[in-house]
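Notes to accompany the following structure.
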Amino acid sequence: RMHVANVQSGNGIDVRRSGDVQIDSAAVSGVASGIGVQVLVTPGMPSSLTMRGGKIRGHEGGLAVNYPRTVSLSGVEIDSSAFAPQFCFPCTPKFALQIWSPDSVQLDSLNIHDNSGAGAYVDSARVVVGAGSVLLRNQGFVGLSGGECQFGCEQQLSPLKRSTQGAQFTLSSFPGIVLNRTQDTRLSGWTVHDNPGGGLFFTSWDVLSGPTAQITNSSFQGLTTGTLLSALGNPGVPSGRLIVQGATFRRANQAVVAQNLDRFDLTGSHLDSVGVYSYAGVQVIQVHNVRLSDDTLINGMGWGFQVVASDTANALRNVIRDGHPIDVNSQEAALEFHTVATGLIYGNPLERNVVRGIIVRNGSGQMTIDSNVVADDSGFAALQLHQAATVTRNMFARNANGIYIDFGGEPSQIHQNNFEANVFFAIRNESNDISFASGNWWNDARGPRCSGVVTGCDPSSTGDIV
């Protein structure tokens, strides 16, 4: 066990050009102007770093690792590190943990918490795996004053310069963990909470071919602002896969942003109190294949799930409850498919939302809306159609309006649905053509009631209005 304390100049532990390095149970503190532990290996040299246990603190950062081929960290704690210069704005951030240009990285049971700078940064790794790590309350500060660089800025080592291919990671605030240009990532059981700059960001995926990330059984929580999980690919040639299973997201502007990818799956996850003005809690843009299944979203603000410009999107068995509006002049919805070529919305219970229930618009192919329940929705409509859709076996109960049809939605087929006690209309058609609605239950065996512009109803009916 190694103890290093009260280092006034330089790094606490400084290892250079060694092949294989093992550091166990190191305790490093009181590093006044350097990094707690730095390992710098000659690029291209066969090498590894293994650390087991230990507690590290350093003014410039806790642990900085440069160029080992493999890095394995387990049970390492880093706190009270990575302080930004007092008069430097904007400066690039300091990270408590930095790993540059490895081949493979394993991060197990790390505890990175309460650092002045950001939490962890991994650059240009082929594989990143890890289980059970915690990143808490890392502030991500980049300077405490405005104006020109005065002290310490020249010491900042920018990710834009350090990476051999020139990273494109540029943010004005910095999250708990950044994985920059990592090809294959698999993380399980991570906790990323209360980092003001956000949670986990995958950056520079636009310079990779088919990157993948799988996040399972992990917990993300914000401080009402920021994004908890983000992956942005190449807008010219969308590629990359982000798979999230069994995660929890709570209290943030956005839970997940997935953009310019080949595939995004969100399965069996729980989301609470996410969403912000003009941004959805889960926002998916230009992703070829999208699957949202068996998720729960409660207490959302504004849009809940929004999928834009997708080839194929499926929303299956998701529960969305108690969504609240932010901008009453916007058509916010619990679930929206916008410009989705082929879509399936199946088996989703939507209850007590004050925003619209489901909106589909501007798609070019088959849109199927089947076996959903939209109930007690006080937004404008339970289902809003701006494109042709097949609407079957759904329940629309006690909503302001059941189905609203606007221009583009008039060729829809609406059959075998139940309309019960919707306040204004079961179906409100404001398009220029006829929609077909037969075989539905209108809350009265005699059929629906007709509004002033519709004829053919049984005048004795007390059913929902069309």
Side-chain angles (χ1 to χ4, degrees), residues 266-272 275 280-282 290-300 302-307 313-325 331-337 340 343-361 366-387 389-405 409 412-428 435 437-445 448 463-466:
L266 181 66
T267 303
S269 296
H270 184 88
L271 305 96
D272 185 354
V282 175
V290 179
R291 182 182 177 92
L292 310 170
S293 59
D294 303 298
D295 303 306
T296 299
L297 169 60
I298 61 173
N299 301 316
W303 276 277
F305 297 96
Q306 185 181 53
V307 180
N314 295 329
L316 312 174
R317 302 176 302 277
N318 302 287
V319 177
I320 309 176
R321 292 194 181 109
D322 300 315
H324 306 282
Q331 296 185 11
E332 298 167 335
L335 172 63
E336 179 177 2
F337 281 6
V340 170
L344 172 61
I345 299 174
Y346 175 85
N348 302 280
L350 282 70
E351 301 170 341
R352 302 191 303 270
N353 295 293
V354 189
V355 296
R356 289 161 166 81
I358 300 168
I359 297 178
V360 294
R361 64 172 87 236
Q366 177 67 34
M367 179 64 66
T368 302
I369 302 169
D370 183 73
S371 302
N372 303 283
V373 176
V374 187
D376 302 298
D377 188 318
S378 57
F380 179 73
L383 171 62
Q384 193 164 311
L385 301 175
H386 299 265
Q387 69 175 85
T390 300
V391 183
T392 55
R393 299 184 298 182
N394 301 282
M395 166 72 81
F396 302 102
R398 301 177 302 279
N399 306 293
N401 291 290
I403 300 177
Y404 172 76
I405 304 172
S412 294
Q413 300 288 327
I414 303 172
H415 309 295
Q416 298 178 311
N417 302 283
N418 286 355
F419 297 92
E420 296 187 5
N422 295 285
V423 175
F424 300 108
F425 289 89
I427 299 177
R428 178 175 172 177
S435 293
S438 63
N440 300 291
W441 170 252
W442 305 97
N443 207 27
D444 191 310
D464 283 21
I465 299 173
V466 296

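These figures come from a predicted structure and were not determined experimentally.
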Minimum heavy-atom distance between [X] and [Y], given as atom pair plus value:
{"X": "V355", "Y": "A333", "answer": "CG2-C, 4.0 Å"}
{"X": "G268", "Y": "D295", "answer": "N-OD1, 3.0 Å"}
{"X": "I403", "Y": "F396", "answer": "CD1-CE1, 3.9 Å"}
{"X": "P325", "Y": "E332", "answer": "CA-OE1, 3.3 Å"}
{"X": "A280", "Y": "G304", "answer": "CB-O, 3.7 Å"}
{"X": "F337", "Y": "L335", "answer": "CE1-CD1, 4.0 Å"}

Could you walk me through whether Y346 and I369 pass the side chain to side chain contact (heavy atoms under 4.5 Å, CB included) check?
CA-CA 6 Å; Y346 175 85; I369 302 169; over 6 Å; no

Aromatic plane relationship, W442 with F419 - under 30° parallel, 30 to 60° tilted, over 60° perpendicular:
parallel

Taking atom [atom1] of [X] and atom [atom2] of [Y], what is their separation to the nearest 0.5 Å?
{"X": "S412", "Y": "Q387", "atom1": "OG", "atom2": "CD", "value": "8.0 Å"}
{"X": "R317", "Y": "N314", "atom1": "CZ", "atom2": "CG", "value": "10.0 Å"}
{"X": "F380", "Y": "Q331", "atom1": "CZ", "atom2": "CD", "value": "8.5 Å"}
{"X": "L297", "Y": "N348", "atom1": "CG", "atom2": "CG", "value": "11.5 Å"}
{"X": "R393", "Y": "N440", "atom1": "CZ", "atom2": "CG", "value": "13.0 Å"}
{"X": "R356", "Y": "S378", "atom1": "CZ", "atom2": "OG", "value": "11.5 Å"}

Criterion side chain to side chain contact (heavy atoms under 4.5 Å, CB included) against [X], the qualifying member of [options]:
{"X": "L316", "options": "L344, L292, T267", "answer": "L344"}
{"X": "I358", "options": "I320, L383, N394", "answer": "L383"}
{"X": "I345", "options": "V360, D370, V340", "answer": "V360"}

Using modelled atom types only, decide if a donor and an acceptor are shared between the side chain of [X] and the backbone of [Y] within a distance under 3.5 Å.
{"X": "H324", "Y": "D322", "value": "yes"}
{"X": "D464", "Y": "A421", "value": "yes"}
{"X": "N401", "Y": "F424", "value": "no"}
{"X": "N353", "Y": "G379", "value": "no"}
{"X": "N422", "Y": "N399", "value": "yes"}

Would T390 and T368 count as a side chain to side chain donor-acceptor pair (under 3.5 Å) if you check the C-alpha gap in whole Å, the side-chain angles of each, and the deciding distance to 0.1 Å?
CA-CA 5 Å; T390 300; T368 302; 5.1 Å; no

Checking D376 against R352 for the salt bridge (charged side-chain N to carboxylate O under 4.0 Å, His left out) test, could you report, in this order, the C-alpha distance in whole Å, the side-chain angles of both residues, the deciding distance, and whether it holds?
CA-CA 5 Å; D376 302 298; R352 302 191 303 270; over 6 Å; no

Run the side-chain contact (heavy atoms from CB on, under 4.5 Å) test against H270 and tell me which residues pass, sequence neighbours left out.
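H270: side-chain contact (heavy atoms from CB on, under 4.5 Å) contacts with T248, D272, T296, I298.
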
Check the side chains of S438 and H415 for a donor-acceptor pair under 3.5 angstrom, ignoring hydrogens and angles.
yes

Heavy-atom side-chain proximity of L266 to V282 below 4.5 angstrom:
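With C-beta onward as the side chain, the pair touches.
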
State, yes or no, whether a side-chain contact exists between I414 and T392 at a heavy-atom distance under 4.5 Å.
no

Check the pair R361 / E336 against salt bridge (charged side-chain N to carboxylate O under 4.0 Å, His left out), numbers first and verdict last.
CA-CA 8 Å; R361 64 172 87 236; E336 179 177 2; 3.0 Å; yes

